[in-house]
Amino acid sequence: MATNRNIVDMVEAIRKGRGNSESGGVDGIYLAAITSIKPLTIQMYGKSISKNIYINPALTLEASDTGEKIGEIFREPSEIPETYRFLKEFHERYALKKRDTVIVCMVGSSFYIAGKAVRV
């Protein structure tokens, strides 16, 4: 499998800029934008990345670019209203969708999505 040169160029640009491999092996912690859920694609420094991404699968469970898939699942209330409300709110807040901002830890050429970043 050939290496995507854009990703290599981006990794090198980040390392020359702010990356610090002496900080416990983490080359850097960055913000990225979700540009697609399936396939999962993030954008950092103007480059799209869809390979070497690692994520908690709960963040993509029933996720979609628009978030409509979550709405379909929770269209009908369950028999236990408290559980239904909790699960609906949880998925609306945590499942990723297009244009979400995520925290990315870059180690080498791998990208670990730590979670969603939201302004409070």
Side-chain angles (χ1 to χ4, degrees):
M1 177 189 287
T3 302
N4 184 332
R5 187 72 213 162
N6 287 336
I7 293 174
V8 172
D9 292 343
M10 183 206 57
V11 169
E12 289 305 314
I14 291 171
R15 282 193 176 144
K16 289 176 185 173
R18 298 187 318 184
N20 180 4
S21 59
E22 296 173 12
S23 61
V26 175
D27 292 328
I29 299 174
Y30 306 94
L31 293 177
I34 299 288
T35 57
S36 173
I37 297 298
K38 293 184 182 175
L40 183 58
T41 307
I42 60 175
Q43 186 168 32
M44 286 176 50
Y45 290 89
K47 303 289 183 185
S48 291
I49 302 158
S50 59
K51 296 185 183 205
N52 298 334
I53 297 176
Y54 298 87
I55 189 168
N56 177 341
L59 298 175
T60 58
L61 184 64
E62 297 299 330
S64 62
D65 283 346
T66 62
E68 289 177 11
K69 201 167 184 184
I70 297 298
E72 292 172 14
I73 293 169
F74 292 104
R75 203 170 310 249
E76 297 293 324
S78 69
E79 293 180 23
I80 306 170
E82 295 81 14
T83 303
Y84 171 79
R85 280 193 298 276
F86 169 79
L87 291 173
K88 181 178 181 184
E89 185 176 336
F90 180 87
H91 281 85
E92 287 172 349
R93 287 186 184 207
Y94 292 99
L96 296 176
K97 57 187 165 297
K98 193 174 183 176
R99 289 184 287 288
D100 280 343
T101 300
V102 291
I103 299 167
V104 178
C105 300
M106 189 181 87
V107 180
S109 61
S110 296
F111 303 88
Y112 297 87
I113 296 178
K116 241 186 201 185
V118 295
R119 185 176 299 269
V120 292

Taking every non-hydrogen atom, the tightest pair across C105 and I29: SG-CG1, 4.0 Å

Please work out which of the three classes, parallel, tilted or perpendicular, describes the rings of Y45 and Y30, given edges at 30° and 60°. perpendicular

Out of T101, L96, I53, T35, which one pairs with I42 under the side chain to side chain contact (heavy atoms under 4.5 Å, CB included) rule? I53

Please check if the number of heavy atoms outside Y94 that lie under 6.0 Å from its OH is greater than 12. no

Which atom names give the shortest non-hydrogen contact between L59 and G115, and what distance separates them? CD1-CA, 4.1 Å

Can you name the closest pair of heavy atoms from A32 and V104 and give their distance? CB-CG2, 3.7 Å

Take I34 and L40 through the side chain to side chain contact (heavy atoms under 4.5 Å, CB included) test and state the conclusion after the steps. CA-CA 8 Å; I34 299 288; L40 183 58; 4.0 Å; yes

With a 3.5 Å distance limit and no angle check, can you tell me whether K116 reaches the backbone of D100 through a side-chain donor-acceptor pair? no

Which atoms form the tightest heavy-atom contact between L31 and M44, and what is the distance? O-CG, 4.1 Å

Out of curiosity, M106 CE to N52 CG, how far, rounded to the nearest 0.5 Å? 11.5 Å

